[in-house]
A.B. asks: 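Sharing a structure, written as structure tokens. Questions coming.
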Amino acid sequence: MRDAYQQELGSIGDTLVEMANLVGSAIGLATTALLDADLNLAENVISTESKVDDLQRDLENRAIAILARQQPVATDLRIVVTSLRMSADLERSGDLAEHVAKLARMRFPAKAVPRDLRRTILEMGQLAQRLMAQAAEVIITQDVDAAIQLEKDDDRMDELHRMVFQHLMDKQWHHGVETAVDVTLVGRYYERFADHAVSVARRVIYLVTGEHADEPTLEQPATV
């Protein structure tokens, strides 16, 4: 019975890793769809989000079943509760990747990002994907030092986000209001995606140490 119980707990961790890998891949593909105006790729990303939602619902059902049947305490209870919170972070990350893809679809056949911002947005997309890959690895290894490093790596995303706003405020901006709104939203999507990766890492720190790291501020817009 104990072995089966541990397998149930382990399967929850496996699902979290699968979700992290899915949303990490999704943000990378969504970035390509956005920058290249690739409609088929955008549609693929949008359809993937339903799988992330299904995984979250399945994880929640299994976690609730464990709570009801096993009534875990101490470390095991921390695993279940923290996993539920991580799954919420990952599901929201999937939503943000979907938002990027939907913007690409909405502006097709035009490209939503002007040429002079492509490099910055590309770096944001690549960094978002890399941070989520790090989060997946942290879930597997439960390496506190790697979790702390992930948060430090997120500083670059904050820099890129500020660069986007500086570009928008420049007097030489000539792409119009609609494009400015698109770029503002995209920058916010990537910044929040990275915040969720950081949140996952912080929850792993809590899982391992029993101590809460400072929570990032995640202001949730109506679209998520």
A.B. asks: Which atom pair, heavy atoms only, marks the closest approach of Ala112 to Pro114?
C.D. replies: O-CD, 3.7 Å
A.B. asks: Is there a donor-acceptor contact under 3.5 Å linking the side chains of Asp76 and Gln70?
C.D. replies: no
A.B. asks: Measure the shortest side-chain to side-chain distance between Thr75 and Ile79 over non-hydrogen atoms and say whether it is less than 4.5 angstrom.
C.D. replies: yes
A.B. asks: Could you report the tightest heavy-atom contact between His196 and Ser93, atom names first, then the distance?
C.D. replies: CB-OG, 3.2 Å
A.B. asks: Please assess Asp155 against Asp158 for the test side-chain contact (heavy atoms from CB on, under 4.5 Å), listing each intermediate value before the final yes or no.
C.D. replies: CA-CA 5 Å; Asp155 290 343; Asp158 295 332; 4.3 Å; yes
A.B. asks: Applying side-chain contact (heavy atoms from CB on, under 4.5 Å) to Asp195 and Asp154, what does each step give before you reach the verdict?
C.D. replies: CA-CA 8 Å; Asp195 279 348; Asp154 176 57; 4.0 Å; yes
A.B. asks: Is there a path from Val138 to Phe193 through hydrophobic residues (I, L, V, M, F, W, Y) whose side chains come within less than 4.5 Å of each other?
C.D. replies: yes
A.B. asks: Any salt bridge between Arg119 and Glu123, counting N to O under 4.0 Å?
C.D. replies: no
A.B. asks: Find the distance between CZ (Phe108) and CG (Leu34) and round it off to the nearest 0.5 Å.
C.D. replies: 13.5 Å
A.B. asks: Closest approach of Ala110 and Ala37, non-hydrogen atoms and distance?
C.D. replies: O-CB, 3.7 Å
A.B. asks: Within the 4.5 Å heavy-atom criterion, are Leu131 and Val198 side-chain neighbours or not?
C.D. replies: no
A.B. asks: Once rounded to the nearest 0.5 Å, what's the spacing between atom CD of Gln142 and atom OG1 of Thr209?
C.D. replies: 11.0 Å
A.B. asks: As an exercise, state the distance from CG of Asn21 to CD of Glu137, rounded to the nearest 0.5 Å.
C.D. replies: 9.5 Å
A.B. asks: Output, in order, the C-alpha distance, side-chain angles, deciding distance and verdict of side-chain contact (heavy atoms from CB on, under 4.5 Å) for Thr48 and Glu98.
C.D. replies: CA-CA 8 Å; Thr48 299; Glu98 183 182 23; over 6 Å; no
A.B. asks: Answer yes if Met106 and Val186 sit in the same cluster of Ile, Leu, Val, Met, Phe, Trp and Tyr residues linked by side chain heavy atoms under 4.5 Å apart, and no otherwise.
C.D. replies: yes
A.B. asks: Looking only at heavy atoms, what is the nearest atom pair of Ala136 and Ala20, with distance?
C.D. replies: CB-CB, 3.7 Å
A.B. asks: Give the intermediate values and the outcome of side-chain contact (heavy atoms from CB on, under 4.5 Å) for residues Leu90 and Met132.
C.D. replies: CA-CA 9 Å; Leu90 295 170; Met132 192 56 72; 3.6 Å; yes
A.B. asks: To the nearest 0.5 Å, what is the distance between CG on Leu160 and CG on Leu122?
C.D. replies: 10.5 Å
A.B. asks: Do Ile139 and Leu22 land in one hydrophobic cluster if side-chain heavy atoms of ILVMFWY residues count as linked below 4.5 Å?
C.D. replies: yes
A.B. asks: Once you round to the nearest 0.5 Å, how far does CG of Asp14 lie from CE of Met19?
C.D. replies: 13.5 Å
A.B. asks: Looking only at atom types and distance, does a side-chain atom of Arg105 sit under 3.5 Å from a main-chain N or O of Leu39, one as donor and one as acceptor?
C.D. replies: no
A.B. asks: Less than 4.0 Å between a side-chain N and a carboxylate O, is that true for Arg118 and Asp36?
C.D. replies: yes
A.B. asks: How many angstroms lie between atom CZ of Arg192 and atom CG of Asp89, to the nearest 0.5 angstrom?
C.D. replies: 9.5 Å
A.B. asks: Is the closest side-chain heavy-atom distance between Arg78 and Tyr206 below 4.5 Å?
C.D. replies: yes
A.B. asks: Same cluster or not: Ile12 versus Leu77, using hydrophobic residues (I, L, V, M, F, W, Y) connected whenever any side-chain heavy atoms lie under 4.5 Å apart?
C.D. replies: yes
A.B. asks: Please name the residue in the list Val23, Ile27, Thr31 that meets the side chain to side chain contact (heavy atoms under 4.5 Å, CB included) test with Gln129.
C.D. replies: Ile27
A.B. asks: Does Ser87 reach the main-chain N or O of Leu84 with its side chain, forming a donor-acceptor pair under 3.5 Å?
C.D. replies: yes
A.B. asks: Less than 3.5 Å apart, any donor N or O on the side chain of Gln149 or Asp153 sitting next to an acceptor on the other?
C.D. replies: yes
A.B. asks: Are Glu8 and Arg69 close enough that some pair of their side-chain heavy atoms sits under 4.5 Å apart?
C.D. replies: yes
A.B. asks: What pair of heavy atoms forms the shortest contact from Ile205 to Ala147, and how long is it?
C.D. replies: CG1-CB, 3.7 Å
A.B. asks: State, yes or no, whether a side-chain contact exists between Leu16 and Leu55 at a heavy-atom distance under 4.5 Å.
C.D. replies: no
A.B. asks: Between Arg107 and Glu178, does any side-chain N to carboxylate O distance fall below 4.0 Å?
C.D. replies: yes
A.B. asks: If we ignore hydrogens and angles and just use 3.5 Å, is the side chain of Ser50 paired with the main-chain N or O of Ser47 as donor and acceptor?
C.D. replies: yes
A.B. asks: Looking at side-chain heavy atoms only, is the closest gap between Asn40 and Glu43 below 4.5 Å?
C.D. replies: no
A.B. asks: For Met157 and Tyr190, which heavy atoms make the closest approach, and how far apart are they?
C.D. replies: CE-O, 3.7 Å
A.B. asks: When the ring planes of His167 and Trp173 are compared, do they come out parallel, tilted or perpendicular, using 30° and 60° as the limits?
C.D. replies: perpendicular
A.B. asks: Is there a chain of hydrophobic side chains (I, L, V, M, F, W, Y, each step under 4.5 Å between heavy atoms) that links Leu127 to Val113?
C.D. replies: yes
A.B. asks: How about Met163 and Leu117: do any of their side-chain heavy atoms sit closer than 4.5 Å?
C.D. replies: no
A.B. asks: Give every donor-acceptor pair under 3.5 Å between a side-chain atom in residues 59-66 and any protein atom, sequence neighbours left out.
C.D. replies:
unit_1: Asn61; atom_1: ND2; unit_2: Arg57; atom_2: O; d: 3.3
unit_1: Arg62; atom_1: NE; unit_2: Asp58; atom_2: OD2; d: 3.0
unit_1: Arg62; atom_1: NH1; unit_2: Ser11; atom_2: O; d: 3.4
unit_1: Arg62; atom_1: NH1; unit_2: Ser11; atom_2: OG; d: 2.8
unit_1: Arg62; atom_1: NH2; unit_2: Thr15; atom_2: OG1; d: 2.6
unit_1: Arg62; atom_1: NH2; unit_2: Asp58; atom_2: OD2; d: 3.0

